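To find a chain, count down the sequence lines: A is the first, B the second, and so on, and within it residues start at 1. Values in this document were obtained by computation on a predicted structure and should not be read as measured data.
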Amino acid sequence: MGLELYLDLLSQPCHAVYIFAKNGIPFELRPVDLVKGQHVSKDFSQVNSLQKVPVLKEGDFILTESAAILIYLSCKYPTADHWYPSDLQTRARIHEYLGWHADCIRGTFGVPLWTQVLAPLMGAQVPEEKVARNRAAMDQALQWLEDKFLGDKAFLAGQQPVALGYALFEGRPQLAAWRGRVEAFLGAELCQEAHGPILSILEQAAKKLLPVPPPAAHATMLRRIARIP
Amino acid sequence: MGLELYLDLLSAPCRAVYIFAKKNSIPFDFQFVDLLKGHHHSKEYIDINPLRRLPSLKDGKFILSESMAILFYLCRKYSTPSHWYPPDLHTRARVDEFMAWQHTAIQLPMSKMLWIKLLIPMITGEEVSAEKTEQILEEVKNSLKLFEEKFLQDKLFITGDKISLADLVALVDMMQPVGGNHNVFLNSSKLAEWRMRVELAIGSGLFWEAHERLVKLAEWDCSTLDPMVKERICEFLQKYK
């Protein structure tokens with residue numbers, strides 16, 4: 001059995017892994033539907049006891065965390081050097097971005113999916129104050145992204161923030177131009193494929209096409225909602 | 001000008017960098033950026049790191065932030081012993097995996113514990129609600145359980161027989177609540193034993209030297225807190241209500 005990637009394209013870290021692996025790394029896609037609660041199923045919990053995606057599985061070797069997966073793939077498989085350059089200072093910059101991203105982008109930009117789709121599906125309410133705080137945090141993060149990191153190149157490509165329901169790059173021409181370059185580099189088709197689920201989910205929610213997550217998933221989901229600052 | 005490290009040892013990521021550099025005899029100039037006095041908002045520091053975060057590294061013209069990146073850079077540049085960041089792809093992936101996970105799973109809740117137990121009551125004069133406190137305590141408990149089950153398991157250290165960057169970062173994070181007199185190692189002998197092994201691998205002298213400022217935090221006279229810094233802190237504390 002070769003390389004397996006357990007992904008749900010609703011999840012931002014999964015985008016990054018998917019987009020990167022599609023660059024010529026042979027893998028089997030194992031979809032894990034978060035809204036259907038498949039991440040808490042017994043089968044998936046045996047793959048990853050933390051019940052999160054993305055997960056890489058190669059024989060007995062199981063790896064979680066998109067940053068670790070991306071670094072592992074770029075070292076193990078023959079990929080272009082620009083993804084994870086061997087030059088020390090450039091490589092350190094990538095680790096710098098990944099560290100900052102873990103603090104400032106990851107949790108923050110994932111919140112709109114919870115406030116706009118998943119919490120309502122569960123019948124949970126998120127106070128307006130928290131939604132506003134999240135919006136402010138995203139604005140701040142985008143400003144920092146523009147001010148400090150925009151010089152960096154391709155490895156950031158898969159990491160671009162996507163936040164449900166917000167036109168993130170409106171009024172930010174530099175970031176919009178960067179996104180244009182990234183999409184041109186990766187190919188419009190691949191980007192559409194990767195972002196498809198997250199772009200269509202608001203519509204599905206509005207048309208009441210989404211299943212209510214199963215009871216087994218409720219506890220973890222409610223905990224996640226409670227952690228929104 | 002040689003290597004400069006911009007640090008305040010109150011911060012766990014700063015302690016990781018400090019301990020690593022000292023342990024490996026890497027010569028550096030300690031540039032103290034006093035968080036309690038708001039020096040991370042000073043013009044001098046913003047020039048170094050416009051994101052106003054600690055730690056930062058300056059090596060000639062090269063400036064780097066984020067403790068994970070700094071540790072990686074120091075490992076490679078100073079060719080430190082390979083057990084810190086092992087060359088084997090699978091083992092190194094475990095370190096990368098832990099470093100990514102710990103940001104939200106360990107560092108954040110441990111930092112929140114210090115705010116709740118010490119800094120919020122000290123600075124605002126108000127206690128945090130019992131409900132919120134219980135929530136954070138649960139988060140800490142849950143994270144430590146996951147740490148033991150997934151990352152430590154039955155090994156001596158996270159990667160196996162030797163200490164790595166992962167253990168160093170994990171431990172300095174878990175020490176943060178100690179500043180508020182809260183010891184997370186009390187409930188698990190496995191965790192306490194691991195803690196001792198990591199301290200000994202680092203050297204107790206260096207370990208406690210790095211933690212001195214944190215341990216003395218309760219003695220800080222916060223009436224000296226700059227009003228602008230206090231305002232920022234109060235804004236940030238809205239999340240704890």
Side-chain angles (χ1 to χ4, degrees), chain A residues 13 48-52 55-56 58-73 75-76 86-104 106-107 110 127 129-130 132-134 136-137 140-141 143-145 147-149 220 223 226-229, chain B residues 13 49-53 56-57 59-77 85 87 89-105 107-109 112 131-132 135-136 138-139 142-143 145-146 149-151 235-241:
Chain A
N48 180 15
S49 56
L50 296 178
Q51 299 179 337
K52 295 208 173 146
V55 181
L56 171 153
E58 217 174 23
D60 283 332
F61 179 62
I62 292 178
L63 186 64
T64 64
E65 295 296 329
S66 60
I69 293 172
L70 289 169
I71 292 172
Y72 177 78
L73 290 176
C75 291
K76 171 136 191 204
S86 40
D87 167 67
L88 177 59
Q89 288 189 358
T90 323
R91 192 171 274 200
R93 283 262 167 266
I94 287 172
H95 281 268
E96 182 186 40
Y97 179 77
L98 290 172
W100 178 78
H101 176 100
D103 272 345
C104 298
R106 204 175 111 178
E129 171 186 64
K130 290 191 174 191
R133 208 174 288 145
N134 176 246
Q140 174 70 281
Q143 194 55 53
W144 284 335
L145 183 64
D147 291 342
K148 182 169 161 67
F149 293 103
T220 23
R223 263 204 301 271
R227 282 207 311 267
I228 297 171
Chain B
N49 183 354
L51 303 185
R52 311 175 190 206
R53 286 151 61 98
S56 290
L57 168 154
D59 195 359
K61 293 214 179 93
F62 180 61
I63 294 178
L64 188 66
S65 63
E66 294 301 323
S67 60
M68 187 183 133
I70 292 172
L71 289 167
F72 163 79
Y73 180 80
L74 293 175
C75 265
R76 284 286 183 269
K77 175 148 184 190
Y85 194 45
L89 218 51
H90 283 193
T91 323
R92 195 178 58 174
R94 285 277 161 259
V95 176
D96 288 334
E97 182 188 40
F98 177 76
M99 299 292 240
W101 180 75
Q102 61 84 30
H103 275 272
T104 36
Q107 196 186 106
L108 193 57
K112 282 183 190 173
E131 192 196 324
K132 196 79 197 180
Q135 191 192 0
I136 308 268
E138 266 307 300
E139 224 182 291
N142 196 43
S143 290
K145 182 163 158 276
L146 289 174
E149 283 170 11
K150 182 174 159 66
F151 291 98
E235 252 172 61
F236 154 79
L237 291 180
Q238 291 304 311
K239 313 190 268 198
Y240 289 87
K241 292 256 161 91

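- Heavy-atom distances place the side chain of B/Thr104, and not its backbone, under 4.5 Å from chain A.
- Nearest heavy atoms, B/Ala93 versus A/Ala68: O-CB, 3.9 Å.
- Contact of B/Glu149 with chain A is not made at all, since no heavy-atom distance falls under 4.5 Å.
- When all heavy atoms are compared, the tightest approach of A/Leu88 to B/Arg76 is CD1-CB, 3.4 Å.
- The minimum heavy-atom distance between A/Ala92 and B/Ala69, with the atom names listed, is O-CB, 3.4 Å.
- The shortest distance between side-chain heavy atoms of A/Phe61 and B/Arg94 falls below 4.5 Å.
- The parts of B/Leu64 that come within reach of chain A are both its backbone and its side chain, each placing non-hydrogen atoms under 4.5 angstrom from that chain.
- To the nearest 0.5 angstrom, A/Gln89 atom CD is 5.0 Å from B/Tyr73 atom OH.
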A/Tyr72 vs B/Glu97, test: side chain to side chain contact (heavy atoms under 4.5 Å, CB included). Steps then yes/no. CA-CA 10 Å; A/Tyr72 177 78; B/Glu97 182 188 40; over 6 Å; no
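- Heavy atoms closer than 4.5 Å to chain A are found in the side chain of B/Glu139, but not in its backbone.
- To the nearest 0.5 angstrom, A/Arg223 atom CZ is 8.0 Å from B/Glu138 atom CD.
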Under the criterion side chain to side chain contact (heavy atoms under 4.5 Å, CB included), I'd like the reasoning laid out for A/Glu65 against B/Asp96: C-alpha separation, chi angles, the key distance, then a yes or no. CA-CA 8 Å; A/Glu65 295 296 329; B/Asp96 288 334; over 6 Å; no
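- When all heavy atoms of B/Gln135 and A/Arg227 are compared, the pair lying nearest together is NE2-N, 4.3 Å.
- Put simply, OG1 on A/Thr64 and NZ on B/Lys150 are 4.0 Å apart, with the number rounded to the nearest 0.5 Å.
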Could you check A/Glu96 against B/Phe72 for side chain to side chain contact (heavy atoms under 4.5 Å, CB included), going step by step and ending with a plain yes or no? CA-CA 10 Å; A/Glu96 182 186 40; B/Phe72 163 79; over 6 Å; no
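- For the pair A/Cys104/B/Arg53, a side-chain contact is recorded, criterion being any heavy-atom separation below 4.5 Å from C-beta on.
- Here the NE2-CG distance, from B/His103 to A/Leu98, works out to 9.0 Å after rounding to the nearest 0.5 Å.
- Within 6.0 Å of NZ in B/Lys145 there are 12 or fewer heavy atoms belonging to other residues, nucleotides or ligands.
- When all heavy atoms are compared, the tightest approach of A/Arg93 to B/Phe62 is NH2-CE1, 3.4 Å.
- Contact of A/Leu50 with chain B is made through the side chain alone, with heavy-atom distances under 4.5 Å.
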